[in-house]
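Below is one structure, written out as structure tokens, with a few remarks after it.
Proteins come first, then strands; the chains are lettered A, B, ... in the order of their sequence lines, and each starts at number 1.
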2 protein chains.
Amino acid sequence: MMKDFECTQESYAREVLREKGLKSTTQRLAVVHILHISEKSLSIGEIHGGVKDMLGNTGLATIYRTLEMFEDLGIVKRLHFPDGGHGYAFSQGEHVHHMVCVDCRGVFDFSECPAENFDYASVEKQGFRVKDHFIQLFGQCGKCVEAA
Amino acid sequence: MMKDFECTQESYAREVLREKGLKSTTQRLAVVHILHISEKSLSIGEIHGGVKDMLGNTGLATIYRTLEMFEDLGIVKRLHFPDGGHGYAFSQGEHVHHMVCVDCRGVFDFSECPAENFDYASVEKQGFRVKDHFIQLFGQCGKCVEAA
DNA sequence: GTAACTGCAAAAAATTTGCACACTG
DNA sequence: CAGTGTGCAAATTTTTTGCAGTTAC
């Protein structure tokens with residue numbers, strides 16, 4: 001039984017999965033759904049909890065396997081927090097970076113990439129060939145600024 | 001017995017520790033030394049191994065405690081790899097970002113910050129107050145490009 | 001149908017903690 | 001010497017794995 005949670009994010013995920021010959025299982029779509037309705041990045045445990053609320057028993061291992069796969073597929077992005085923890089956020093493949101609120105772990109996208117106009121020539125002079133970059137802004141979101 | 005490994009990095013660490021009223025123990029200085037002489041970022045296990053080679057028995061817990069503290073003090077930086085792992089590199093407090101070779105995990109600094117000229121106005125319009133950022137470039141270093 | 005997935009429970013890896021002893025300042 | 005820091009071993013947490021049974025396509 002494969003539920004359909006209807007929404008852009010979910011059809012996007014279905015699409016990516018189909019293209020790769022992977023199955024759109026209930027569990028996988030539920031993970032997308034949980035991340036999609038969340039304003040903030042979620043830990044593995046939170047995702048697991050959310051999926052269990054939706055589907056009943058679900059193995060934690062499935063969540064791990066799903067997230068790893070989604071990260072490879074560009075469906076989710078893993079975020080790192082200053083305290084060493086990490087979380088996941090839905091990320092529709094496009095080149096998007098994230099601002100993370102260090103108080104509530106809320107996630108906000110920004111599409112202008114600070115590295116876009118960066119002159120890689122200086123670093124490539126050392127022979128280094130840049131292939132990708134990871135950028136994440138930290139700060140406080142509007143709500144948390146007010147609450148402080 | 002507190003050994004002295006003489007070098008800029010080590011005296012820098014001593015200095016930071018003294019300022020905070022923390023002790024410059026042999027183990028802490030050894031961690032600095034190991035990271036300093038390494039061309040690449042090191043995992044906790046590698047650092048532990050290196051320190052044990054220098055000093056004999058050393059508890060893994062000490063390494064964890066030291067690295068956490070060093071990260072707070074800005075003496076080391078934790079780096080994240082695409083495969084989900086992470087490592088540590090010496091980082092002398094200044095605003096420096098790192099390029100990481102995905103093959104050998106080598107670390108190269110670059111001081112020009114791509115975010116320097118970034119217009120935060122656009123994101124701050126949403127009420128977000130940017131406090132810090134994490135930037136890391138991925139790619140291949142000269143050696144690994146040749147080896148490929 | 002059948003290959004890809006899942007749940008479960010167990011195993012392995014990573015990190016933290018408590019406490020008696022040791023070392024720095 | 002006083003209090004910070006360490007080693008050790010145990011506890012906890014996090015992540016991975018194997019496999020019999022399901023499910024999407």
Side-chain atoms of residues 137-148 of chain A: list all donor-acceptor pairs with protein atoms under 3.5 Å, sequence neighbours left out, distances to 0.1 Å.
{"from": "A:Gln140", "atom 1": "OE1", "to": "B:Lys131", "atom 2": "NZ", "distance (Å)": "2.9"}
{"from": "A:Gln140", "atom 1": "NE2", "to": "A:Asp103", "atom 2": "OD2", "distance (Å)": "2.7"}

Can you check the [X] [atom1] to [N] [atom2] distance for me, whole Å?
X       : N      : atom1 : atom2 : answer
A:Leu29 : D:dA24 : CG    : P     : 10 Å
B:Lys52 : D:dT6  : NZ    : C1'   : 15 Å
B:Glu68 : C:dT16 : CD    : P     : 7 Å
B:Leu73 : D:dG5  : CG    : P     : 11 Å
B:Arg78 : C:dA14 : CZ    : C1'   : 11 Å
B:Glu19 : C:dT24 : CD    : C1'   : 18 Å
B:Leu17 : C:dC23 : CG    : P     : 19 Å
B:Glu71 : C:dT15 : CD    : C1'   : 14 Å

Query - Charged N-O contact under 4.0 Å between A:Glu46 and A:Lys40 - result: yes
Residue pairs passing the ring-ring contact (aromatic ring centres under 6.0 Å, His included) test with at least one member in residues 72-93 of chain B, sequence neighbours excluded, are A:His80-B:His80, B:His80-B:Phe134
What one should report as the nearest heavy-atom pair of A:Val107 and A:His98 is CG1-ND1, 3.3 Å
Correct closest heavy-atom pair for B:Cys113 and B:Ile135 would be SG-CD1, 4.4 Å
Q: Looking at every strand, decide which applies to B:His86 at a 4.0 Å heavy-atom threshold: base, sugar-phosphate, or nothing.
A: sugar-phosphate
Below 3.5 Å between N/O atoms, which protein atoms pair up with nucleotides 5-12 of chain C? Just atom names and distances, please.
{"from": "C:dC5", "atom 1": "OP1", "to": "A:Lys23", "atom 2": "N", "distance (Å)": "2.9"}
{"from": "C:dC5", "atom 1": "OP1", "to": "A:Arg28", "atom 2": "NH1", "distance (Å)": "3.1"}
{"from": "C:dC5", "atom 1": "O5'", "to": "A:Arg28", "atom 2": "NH1", "distance (Å)": "3.2"}
{"from": "C:dC5", "atom 1": "O5'", "to": "A:Arg28", "atom 2": "NH2", "distance (Å)": "3.0"}
{"from": "C:dT6", "atom 1": "OP1", "to": "A:Thr25", "atom 2": "OG1", "distance (Å)": "2.7"}
{"from": "C:dT6", "atom 1": "O3'", "to": "A:Gln27", "atom 2": "NE2", "distance (Å)": "2.8"}
{"from": "C:dG7", "atom 1": "OP1", "to": "A:Gln27", "atom 2": "NE2", "distance (Å)": "3.2"}
{"from": "C:dG7", "atom 1": "OP1", "to": "A:Asn57", "atom 2": "O", "distance (Å)": "3.4"}
{"from": "C:dG7", "atom 1": "OP2", "to": "A:Gly59", "atom 2": "N", "distance (Å)": "3.0"}
{"from": "C:dG7", "atom 1": "OP2", "to": "A:Thr62", "atom 2": "OG1", "distance (Å)": "2.4"}
{"from": "C:dG7", "atom 1": "N7", "to": "A:Arg65", "atom 2": "NH2", "distance (Å)": "3.1"}
{"from": "C:dG7", "atom 1": "O6", "to": "A:Arg65", "atom 2": "NH2", "distance (Å)": "3.3"}
{"from": "C:dC8", "atom 1": "OP1", "to": "A:Asn57", "atom 2": "ND2", "distance (Å)": "3.2"}

Bend of the helix from C:dG1-D:dC25 to C:dG25-D:dC1 from end-axis comparison, five pairs per end, nearest 10°, comes to 50°
Residues passing the side chain to side chain donor-acceptor pair (under 3.5 Å) test with A:Glu39, sequence neighbours excluded, are none
Please set out all donor-acceptor pairs under 3.5 angstrom arising from side-chain atoms of residues 51-64 of chain A, sequence neighbours excluded.
{"from": "A:Thr58", "atom 1": "OG1", "to": "A:Gly56", "atom 2": "O", "distance (Å)": "2.9"}

Q: Give a yes/no answer on whether the side chain of B:Tyr64 brings an N or O atom under 4.0 Å of OP1 or OP2 in C:dT15.
A: yes
query: Do B:Ile44 and B:Val32 share a hydrophobic cluster (ILVMFWY, side-chain heavy atoms under 4.5 Å, transitive)?
result: yes
**Message:** Can you confirm if the aromatic rings of A:His97 and B:His133 lie within a centre distance of less than 6.0 Å?
**Reply:** no
